[in-house]
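Dropping a structure here in C-alpha cells format, bear with me for questions.
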Amino acid sequence: FFMPSQKEVNKFIKSQKSIQFYKKVQKAFSDVLLKMSNEDYKKITKNLILMILHEGALGQVMHFPPIKSKFKILQITFPKKIPIDVLRFVLAHELGHVKQNRNWEEEDDMRLEENADKTAEEWGFPKTKKISRWIKDHEA
C-alpha cells in the first residue's frame, strides 16, 4: 500500500503551531504518520488540530482559521523526559482514536481503547511491556 511522503508529513507538522518548538514531538509525529497508509493519513489529518503542551504548562491558547466541516482536536501533555518509543506509541494510539471518527460512549467499555492500541500496532508501534510500565508509572 502507499504511504504519505515525507514532504506531505512535513507540511502537516509545520501547519501545527502547538508543536513548532517541540523537536522531539515533531520527530515522533513524523515517525508515526509516515507508517500509515495514504487512506489513514488523509482521514486522520483532515481538519485535525493538535493541542500539545509540555509538562509544566498549565494552559495554552491557539487561534484557528474558520473550518467549514467537522474537525478533531488531539490534546497531549508530554513530560520532557518521555522516552521516544513511549511518545510514538501514545501519538499512534491517539491517532487511532482519530481514525475511529467518534467519541467514546459508555457501552463501548474498553473496546475503543483496545482498537486504538491495535491500530497503533498495525502502524508499527505496539504497546510493549516497557511502554505499559512507563505509562503506568507516570499516570496522574
Next on the checklist: If the condition is side chain to side chain donor-acceptor pair (under 3.5 Å), which residues does Ser15 pass it with, not counting sequence neighbours?
Outcome noted: none

Next on the checklist: Looking only at the side chains, is there a donor atom on one of Ser69 and Asn47 sitting less than 3.5 Å from an acceptor on the other?
Outcome noted: yes

Item to check | Residues that Phe89 engages under ring-ring contact (aromatic ring centres under 6.0 Å, His included), provided they are two or more places apart | outcome: His93

Checklist entry - Would Glu94 and His97 count as a side chain to side chain donor-acceptor pair (under 3.5 Å) if you check the C-alpha gap in whole Å, the side-chain angles of each, and the deciding distance to 0.1 Å? => result CA-CA 5 Å; Glu94 294 305 324; His97 284 306; 4.6 Å; no

Item to check | Leu48: side-chain contact (heavy atoms from CB on, under 4.5 Å) partners, not counting sequence neighbours | outcome: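 Counting only residues at least two positions away or on another chain, Leu48 forms a side-chain contact (heavy atoms from CB on, under 4.5 Å) with Phe12, Ile44, Leu50, Lys72, Leu74, Leu95, Val98.
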
Checklist entry - Any ring-ring contact (aromatic ring centres under 6.0 Å, His included) pairs touching residues 101-124, not counting sequence neighbours? => result none

Checklist entry - In chain order, what residues pass the side chain to side chain donor-acceptor pair (under 3.5 Å) check against Glu121, with sequence neighbours excluded? => result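 Counting only residues at least two positions away or on another chain, Glu121 forms no side chain to side chain donor-acceptor pair (under 3.5 Å).
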
Could you list the donor-acceptor pairs under 3.5 angstrom formed between side-chain atoms of residues 126-135 and any protein atom two or more places apart in sequence or on another chain?
unit_1: Thr128; atom_1: OG1; unit_2: Ile131; atom_2: N; d: 3.1
unit_1: Lys130; atom_1: NZ; unit_2: Asp85; atom_2: OD2; d: 3.3
unit_1: Ser132; atom_1: OG; unit_2: Thr128; atom_2: O; d: 3.1

Item to check | Euclidean distance, Thr119 OG1 relative to Met36 CE, rounded to 0.5 Å | outcome: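 Reported value, rounded in 0.5 Å steps: 9.0 Å.
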
Next on the checklist: Quick check on the hydrophobic clustering: are Leu87 and Phe21 connected, directly or via other members, by side-chain heavy-atom contacts under 4.5 Å?
Outcome noted: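 Same hydrophobic cluster.
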
Checklist entry - For Lys118 and Glu114, what are the C-alpha separation, side-chain angles and deciding distance, and is it a salt bridge (Lys or Arg N to Asp or Glu O under 4.0 Å)? => result CA-CA 6 Å; Lys118 183 175 177 244; Glu114 292 162 359; over 6 Å; no

Item to check | Residues which pass side-chain contact (heavy atoms from CB on, under 4.5 Å) with Lys14, listed by chain and number, not counting sequence neighbours | outcome: none

Checklist entry - With sequence neighbours excluded, what pairs up with Asn103 under the side chain to side chain donor-acceptor pair (under 3.5 Å) test? => result none

Item to check | Approximate separation, where rounding is to 0.5 Å, of Lys80 NZ and Lys24 NZ | outcome: 11.5 Å

Next on the checklist: Closer than 4.0 angstrom, basic N to acidic O: yes or no for Glu39 and Lys43?
Outcome noted: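 No, no charged N to carboxylate O under 4.0 Å.
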
Item to check | Check against side-chain contact (heavy atoms from CB on, under 4.5 Å), Glu113 and Asp117 | outcome: CA-CA 6 Å; Glu113 293 302 317; Asp117 283 352; 5.6 Å; no

Item to check | Within residues 29-58 or reaching into it, pairs that qualify as ring-ring contact (aromatic ring centres under 6.0 Å, His included) - sequence neighbours excluded | outcome: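 Qualifying pairs, neighbours excluded: Tyr22-His54.
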
Next on the checklist: How long is the straight-line distance from CD1 of Ile13 back to OG of Ser30, given to the nearest 0.5 Å?
Outcome noted: 4.5 Å

Checklist entry - Do Glu8 and Thr45 have side-chain N/O donor and acceptor atoms under 3.5 Å apart? => result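 Checked: Glu8/Thr45 side chains show no N/O donor-acceptor pair below 3.5 Å.
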
Checklist entry - Does Lys99 have any side chain to side chain donor-acceptor pair (under 3.5 Å) partners at least two apart in sequence or in another chain, and if so, which? => result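 Once residues adjacent in sequence are excluded, the partners of Lys99 under the side chain to side chain donor-acceptor pair (under 3.5 Å) criterion are Asp40.
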
Checklist entry - Nearest heavy-atom pair of Pro4 and Leu34: which atoms, and what distance? => result O-CD2, 3.6 Å

Checklist entry - Do Val25 and Ile76 belong together in a cluster built from hydrophobic side chains that touch within less than 4.5 Å? => result yes

Item to check | Pairs touching residues 26-36 that satisfy salt bridge (Lys or Arg N to Asp or Glu O under 4.0 Å), sequence neighbours left out | outcome: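 Only Lys27-Asp31, Asp31-Arg88 qualify under salt bridge (Lys or Arg N to Asp or Glu O under 4.0 Å).
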
Item to check | Under 3.5 Å donor-acceptor, Lys70 side chain and Asn101 backbone | outcome: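 Yes, the answer is positive, given that a donor and an acceptor are paired below the 3.5 Å cut-off.
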
Next on the checklist: Just to verify, what does Leu53 make a side-chain contact (heavy atoms from CB on, under 4.5 Å) with, not counting sequence neighbours?
Outcome noted: Ala57, Gln60, Gln75, Thr77

Checklist entry - For the atom pair CD (Gln16) and CD1 (Ile52), what is the distance rounded to the nearest 0.5 Å? => result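 Reported to 0.5 Å precision, the distance equals 8.5 Å.
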
Item to check | Atom of Ala92, atom of Ala120 and distance for their closest heavy-atom approach | outcome: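 Nearest heavy atoms, Ala92 then Ala120: CB-CB, 3.6 Å.
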
Next on the checklist: Quick check on the hydrophobic clustering: are Phe78 and Met51 connected, directly or via other members, by side-chain heavy-atom contacts under 4.5 Å?
Outcome noted: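 They do not share one cluster, since no chain of ILVMFWY contacts under 4.5 Å joins Phe78 to Met51.
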
Next on the checklist: Counting only heavy atoms from other residues, nucleotides and ligands, does the tally under 6.0 Å from CD of Glu106 exceed 12?
Outcome noted: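 Check fails, neighbour count at 12 or below.
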
